[in-house]
Amino acid sequence: MQLEVNITGKSFESAAGKRHDVLDNITFTLNAGEVGVLFGPSGCGKSTLLKILAGLDGNYRGRVTRSPGMRLGMVFQEPRLLPWRTVEENVRLAAPEVDDGTLAALFEVLELSAHRNHFPGELSLGLARRVALARAFAIEPDFLILDEPLASLDNALAGRLRDQVATLVASRKMMTLLVTHDLDDAVRLGDRLFFLSPRPARILHVETIATPRAMRSEPEIDEIKRQLSQLDLANM
Amino acid sequence: MLRLLSFALFIVTWWIASLVIGDAKLPAPPAVLSVLIVEARSGALFVNLGATLARVALAFALAMALGSAIGYLMGRVSLANRLGDPWLILLLNLPALVVIVLAYIWAGLTEVAAIAAIAINKLPTAVVTLREGARALDPALDEMATAFALPRGRAFRHVILPQLAPYIAAAARSGLSLVWKIVLVAEYLGRPNGVGFEIGVAFQLFDIPLLLAYSLSFAGVVLVIETLMVQPFETRLTRWRLRAA
């Protein structure tokens, strides 16, 4: 399984008829077992890029080549659960083939076991995010897209959820693409970090972290973060 | 309890009014009740109520099914909306009487003409309501369904239909009251049975107890159907909302 991205541009016309360029040149390849991280300022077009990669938006210049039969799991920025279905129904609807054991294990890891029969309206944002994660993992994806899964959660909760995401990502050999604003999350979860420019987005810098995710020590993570924060991205 | 009290108040008001106005114009409750019993004993009451109910059911089902489908299409496809909109405005504003009379002229004094005329009167309101519902569909959930490759049928049932449910309920509610009103006119003008026909007879003979007996039993049936069928259905549709914190 492989994802080949070769986008040469994406723009849209505003209601006033003005053309806005959202994406510039974006070229990279993602292999199975690899976690790519898209790191960039707010509003730089990351969500637009994700939509193109997910096949939700076909209106762009360039090519995105996905392996045939690739199963996509997606966690949107907002949980996007069906409010009229319970937690379990939401997951099973997206993943009808999931067996009871896998589902139970997934709910266990994400601490959702007690909430199976709750409706999304009864859940906090943190819990709803985890349901969205469970849904994306339940389909056993070949390609996983995570759009800021840890945003607007308090630090302790975000930290716990990050560990859960790390566990789940490690449990399966798939391509993962994570969008985040947080350098710490990026360095802990990612193998290759793509630094994006402000709109129209292009890749400014690619940082490959050689040490496997599970073996990175705290000093090593701090060192990588220190080096990255010294990058002069504004002048690239 | 409160409902019973309100019903008792209605009877008392009616009785006092009949004493003031006089029996000739507004007969007292017992007089109407005795006519009602006579009509019930002969079976005529049930035949007529049944005929009216059957027309309501058929016209309502026809208009809801067709109206929902057209409304959904117009809300989702802008070409359909542009093609259908002038017709919709025309139908919305066409008086019920015109539709009924034309239906009887073109299709004869037949059951088909009556039911079609009632359905055509209700159709545009269902279309308008469902069109609003289709326009209000959440594109974020559509994207979710596409991203997870939900098959069309499943996506419609679990993603689209629940979003349309409140609109369908609203269309059913307003449509049913419209059908209740129009069915009697259609019967009055061109059917040999039904509540509307009997009211027409009572009107011509100036038989006010008969007129009231049919009107009130019809109102009673409407009340029972609304409370026992429509309201529980609405509650069921929105149960996920009620449980939400």
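Convention: sequence-line order gives letters A, B, ...; per-chain numbering from 1.
Contact annotation for residues 81-105 of chain A against chain B (heavy-atom separation below 4.5 Å, listed by residue number): L81(A), L82(A), P83(A), W84(A), R85(A), L93(A), A94(A), P96(A).
Interface remark: L72(A) contributes backbone and side-chain atoms alike to the contact with chain B (heavy atom separation under 4.5 Å). Contacts between A140(B) and chain A at a heavy-atom distance below 4.5 Å involve backbone atoms as well as side-chain atoms. Of the atoms belonging to R135(A), heavy atoms from both backbone and side chain fall under 4.5 Å from chain B.
In this structure, F12(A) places its CZ atom where more than 12 heavy-atom neighbours from other residues, nucleotides or ligands lie under 6.0 Å away. In this structure, E13(A) places its CD atom where more than 12 heavy-atom neighbours from other residues, nucleotides or ligands lie under 6.0 Å away. Under a cut-off of 6.0 angstrom, the local environment of CZ in R61(A) is crowded, with over 12 non-hydrogen atoms contributed by other residues, nucleotides or ligands. More than 12 heavy atoms of other residues, nucleotides or ligands sit less than 6.0 Å from atom CZ of R154(B).
Residues R80(A) and E143(B) have side chains in contact (heavy-atom distance under 4.5 Å, counting atoms from C-beta outward).
With respect to chain A, the highest number of heavy-atom pairs below 4.5 Å among D142(B), L141(B), D138(B) belongs to L141(B).
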